[in-house]
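Data block below; observations after.
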Amino acid sequence: MSVALIRVIFVYIVIIFGLRLMGKRQLGELQPSELVVTILVSNIATMSIEDINVPLMGGIVPILTLVCFEVFMSAFTLKFKKARRIISGTPRVIIRDGEIDQQELRNLRFSVDDLMEQLRTNNVFDIRDVAFAIVETTGKLSVYQKFGARTVTAQMLSLQEPSGSNAPPVVLISDGAVIDSGLKYCNLKYEWLEKTITENGYRAQDIFLMTCNRQADYLIVPKIPLLKRKG
């Protein structure tokens with residue numbers, strides 16, 4: 001039992017290390033080659049964990065080999081555009097100037113239901129509002145709406161941009177722990193933080209969440225005390 005547990009932990013660490021090398025991506029954002037590597041790694045890891053008779057290195061070496069190969073291929077395709085097109089494919093336009101390209105839909109084996117579902121995930125419920133729609137290499141649909149259907153922006157309304165509007169709030173305190181990088185981002189000193197939370201009647205360890213922006217506009221969410229069990 002202990003041997004199996006050690007194998008599981010070791011394989012887990014190796015896979016996490018490998019995925020970190022491959023970069024941060026959600027499952028729906030994986031390129032075809034990355035998805036293949038992910039599936040193969042999971043299968044190899046399962047074999048190494050389930051069958052104790054299989055040498056541990058017999059699973060670790062193939063996993064690391066696949067990860068290293070994927071890193072190499074990523075660098076290779078980054079340098080050579082033709083290789084990138086062959087391995088990852090190219091984006092395909094399925095709606096152009098408001099017209100559906102039915103042949104392209106057939107080539108992609110994209111049904112009308114698939115198209116409408118993807119449009120709805122982009123908050124588009126009327127296909128007449130779409131100027132361009134592009135199927136990306138990850139399979140996701142990017143939608144460019146017609147002018148009359150686009151969300152109104154501050155630029156359209158000619159609104160003056162307020163100071164610091166491009167600097168969103170960040171976390172200063174998370175579950176009682178002070179985040180130094182947050183203070184640095186807001187150009188604030190620890191003394192200011194200590195004074196602010198004291199004026200609000202708190203200590204750092206009493207705060208569940210505190211956010212702040214570069215205008216020193218902050219929000220404090222105190223911890224909720226745990227209910228004591230009645231003995």
For [X] and [Y], work out which heavy atoms get closest and say how close.
X: Met116; Y: Phe125; answer: CE-O, 4.5 Å
X: Leu172; Y: Leu183; answer: CD2-N, 3.6 Å
X: Ile179; Y: Val171; answer: CB-O, 3.6 Å
X: Cys186; Y: Cys212; answer: SG-O, 3.4 Å

With Val61, the side chain to side chain contact (heavy atoms under 4.5 Å, CB included) member among Leu64, Ile63, Thr65: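 Checked Leu64, Ile63, Thr65 against Val61; only one passes side chain to side chain contact (heavy atoms under 4.5 Å, CB included): Thr65.
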Side chain to side chain contact (heavy atoms under 4.5 Å, CB included) partner of Val130, the single match among Leu119, Leu141, Ile100, Leu115: Leu119
Phe76 and Phe72 aromatic ring geometry - parallel, tilted or perpendicular at 30°/60° bounds: parallel
Which distance, rounded to the nearest 0.5 Å, do you find between the [atom1] of [X] and the [atom2] of [Y]?
X: Arg128; Y: Gln145; atom1: CZ; atom2: CD; value: 13.5 Å
X: Thr90; Y: Glu136; atom1: OG1; atom2: CD; value: 10.5 Å
X: Arg203; Y: Glu194; atom1: CZ; atom2: CD; value: 10.5 Å

Co-membership, hydrophobic cluster, residues [X] and [Y], 4.5 Å side-chain:
X: Val112; Y: Phe110; result: yes
X: Ile207; Y: Leu219; result: no
X: Leu105; Y: Ile127; result: yes
X: Ile220; Y: Phe208; result: no
X: Ile95; Y: Phe132; result: no

Flag yes if more than 12 heavy atoms outside [X] fall under 6.0 Å of its [atom1] atom; otherwise flag no.
X: Glu99; atom1: CD; value: no
X: Lys195; atom1: NZ; value: no
X: Lys223; atom1: NZ; value: yes
X: Gln155; atom1: CD; value: no

Residue list, side chain to side chain contact (heavy atoms under 4.5 Å, CB included) with Glu104, at least two apart or on another chain: Arg92, Ile94, Asp101, Asn107, Leu108
From CA spacing to verdict: side-chain contact (heavy atoms from CB on, under 4.5 Å), Tyr218, Thr211: CA-CA 5 Å; Tyr218 60 87; Thr211 61; over 6 Å; no
Whether the side chain of [X] engages the backbone of [Y] through a donor-acceptor N/O pair (distance < 3.5 Å, no angle test) should be reported.
X: Gln118; Y: Gly139; answer: yes
X: Ser174; Y: Ala177; answer: no
X: Asn213; Y: Gln215; answer: yes

Ion pair check, Arg150 and Asp129, cut-off under 4.0 Å: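 Asp129 and Arg150: not salt-bridged.
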Within 45° cone of Tyr185 ring axis and under 6.0 Å: Arg214 NZ or CZ: yes
Tyr202/Ile173 under side-chain contact (heavy atoms from CB on, under 4.5 Å): CA gap, chis, key distance, verdict: CA-CA 12 Å; Tyr202 299 110; Ile173 298 179; over 6 Å; no
